Amino acid sequence: MLAGPTAVGKGTVADQIRRRHPDVWISVSATTRAPRPGEVDGVHYLFVDDTAFDAMVEAGDLLEWAVVHGRDRYGTPRDPVTQALDLGRLALLEIDLQGARQVRETMPGALFVFLAPPSWDELVRRLVGRGTETDDERTRRLQTAVWELAAEPEFDATVVNTEIHATADKLVGLMRARAREAPARRPSTVPLGPSTVPPSTVSPSTGPPEHRRS
Ligand code: 5GP
């Protein structure tokens, strides 16, 4: 389970792991966000509309899901994770903090790794540098990032993403070590997702920042 703030490089780390460690199975999330240039449906995400996402939630097909950056929904399809674990594969989920907290409940034995930027300035530089977001979207993502960075102590380990190859290798090394100690077990099937938590019970100190929709 890999989480960390916007633009820290989670997607790039996942791409490197795909290339350098093909034995690692990487979960493909469903999202209502539009594809960015170069993103391939079924490889980087399953790009779905709101109706299809609703259907997955209602059918209990998602292991976890969340509204991320106050805008789009993202979720992990449950069956592929279960199948990968049943086959004894190393499995990587790259998800946001809300999703990580949900997975903590159903898969307490999983390894939770926080991917951290070398510095705040570097995080802003990477976000601006990739140039895929509008000014509004960047502001929203940086607000979420402050909240996500504060959650680092909740994780089992932190990897600072300074050099992408080293980061990918370090993460896979941690996964292998954990798998040797305690092989991951399939998730329990407790109903999950933000829809099960009434908004009034989400405390500002634990929930993501609220964003005004533009
Ligand atoms: P992006 O739009 O930049 O690809 O991703 C935005 C955020 O959504 C990132 O923090 C990423 O980790 C998170 N994310 C991607 N897939 C999932 C998922 O399946 N579940 C959750 N909860 N978050 C996800």
Side-chain angles (χ1 to χ4, degrees), residues 1-15 17-18 25-48 52-53 56-57 60-82 84 91-107 110 112-117 123-124 126-134 136-152 154-155 159 161 167 171 187 192-197 202 206-209 211:
M1 237 287 328
L2 180 68
T6 188
V8 71
K10 286 171 291 181
T12 320
V13 169
D15 276 341
I17 292 178
R18 230 174 248 120
W25 176 82
I26 302 180
S27 167
V28 180
S29 299
T31 182
T32 57
R33 147 162 108 54
R36 293 186 188 126
E39 284 183 332
V40 179
D41 188 32
V43 175
H44 297 97
Y45 282 106
L46 300 168
F47 294 101
V48 298
F53 200 97
M56 284 190 266
V57 171
D61 288 346
L62 298 178
L63 176 63
E64 60 72 37
W65 70 271
V67 177
V68 183
H69 304 308
R71 175 164 281 201
D72 293 301
R73 289 183 290 171
Y74 297 77
T76 305
R78 178 192 302 277
D79 283 353
V81 176
T82 307
L92 176 68
L93 271 55
E94 184 261 283
I95 62 182
D96 92 314
L97 179 58
Q98 304 167 82
R101 285 174 173 163
Q102 293 174 51
V103 175
R104 205 29 136 190
E105 299 296 314
T106 46
M107 300 181 69
F112 290 78
V113 178
F114 189 81
L115 191 63
L123 188 71
V124 175
R126 287 179 190 177
L127 181 63
V128 173
R130 76 182 182 190
T132 47
E133 283 81 16
T134 61
D136 272 4
E137 179 63 17
R138 269 204 290 270
T139 306
R140 213 178 357 248
R141 282 175 178 250
L142 287 174
Q143 283 169 355
T144 311
V146 172
W147 168 74
E148 287 175 317
L149 284 167
E152 184 189 335
E154 293 177 29
F155 286 76
V159 175
N161 187 19
T167 300
L171 179 61
L192 274 176
S195 58
T196 62
V197 184
V202 178
T206 56
H211 301 282

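All values below were derived from every heavy atom in this structure, side-chain atoms included, with hydrogens, water molecules and symmetry-related copies excluded. Residues: numbered from 1 along the sequence shown. For ligands, and for the atoms within them, numbers begin at 1 and follow the listed sequence. Quantities reported herein were computed from a predicted structural model and do not represent experimental measurements.
The side chain to side chain donor-acceptor pair (under 3.5 Å) test applied to R18 returns D15, not counting sequence neighbours.
A salt bridge links R36 and E133; the closest N-O separation between the charged side-chain nitrogens and carboxylate oxygens is under 4.0 Å. Salt bridge present: R33 and E39 bring a charged side-chain N and a carboxylate O closer than 4.0 Å. The pair R101-E154 meets the salt-bridge criterion, since a charged nitrogen lies less than 4.0 angstrom from a carboxylate oxygen.
For ligand 1, the atoms closer than 4.0 angstrom to any heavy atom of G99 are 22 (N). Remark: ligand 1 atoms within the under-4.0 Å shell around heavy atoms of S29 are 16 (N), 17 (C), 18 (C), 19 (O). Taking every non-hydrogen atom of Y45 and a distance limit under 4.0 Å, the qualifying atoms of ligand 1 come out as 1 (P), 4 (O), 5 (O), 15 (C), 16 (N). Residue-ligand proximity, A66 to ligand 1, at heavy-atom distances under 4.0 Å covers atoms 22 (N). Under a 4.0 Å criterion applied to the non-hydrogen atoms of E64, ligand 1 contributes the atoms 18 (C), 19 (O), 20 (N), 21 (C), 22 (N). Within ligand 1, the atoms closer than 4.0 Å to a non-hydrogen atom of K10 are 9 (C), 10 (O), 11 (C), 12 (O), numbered from 1 in the order shown.
With a 4.0 Å cut-off on non-hydrogen atoms, R36 touches ligand 1 through its side chain and not its backbone. Within the 4.0 Å heavy-atom criterion, neither part of Q102 lies near ligand 1. With a heavy-atom cut-off of 4.0 Å, V68 touches ligand 1 through its side chain alone. The part of R33 lying near ligand 1 is the side chain, judged by heavy-atom distances below 4.0 Å. With a 4.0 Å heavy-atom cut-off, ligand 1 is reached by no atom of E137.
At least one side-chain heavy atom of L171 sits less than 4.5 Å from a side-chain heavy atom of L92. In this structure the side chain of L63 reaches within 4.5 angstrom of the side chain of T106, judged on heavy atoms.
Put simply, the side chain of Q102 gets close to the backbone of W65: a donor and an acceptor are under 3.5 Å apart. At least one donor-acceptor pair under 3.5 Å links the side chain of N161 to the backbone N or O of V8. With hydrogens and angles disregarded, no donor-acceptor distance shorter than 3.5 Å links the side chain of K10 to the backbone of L2.
Of the N or O atoms in G4, none lie within a sub-3.5 Å distance of an N or O in ligand 1.
Residue, atom and distance of the protein heavy atom nearest to atom 13 (C) of ligand 1 are D96 N, 3.8 Å. Protein heavy atom closest to atom 12 (O) of ligand 1, with residue, atom name and distance, is E94 OE2, 2.5 Å. Annotation: atom 6 (C) of ligand 1 to nearest protein heavy atom, Y74 OH, 3.5 Å.
Among all heavy-atom pairs drawn from P5 and L149, the shortest one is CG-CD2, 3.7 Å.
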Exercise for the section: Start with the C-alpha gap between F47 and T31, add the side-chain angles, then the distance that decides, and say whether side chain to side chain contact (heavy atoms under 4.5 Å, CB included) holds. Expected result: CA-CA 5 Å; F47 294 101; T31 182; 3.7 Å; yes

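Under the 4.0 angstrom criterion for non-hydrogen atoms, G11 is not in contact with ligand 1. Residue contacts with ligand 1 include R141, since one of its heavy atoms falls under 4.0 Å from the ligand.
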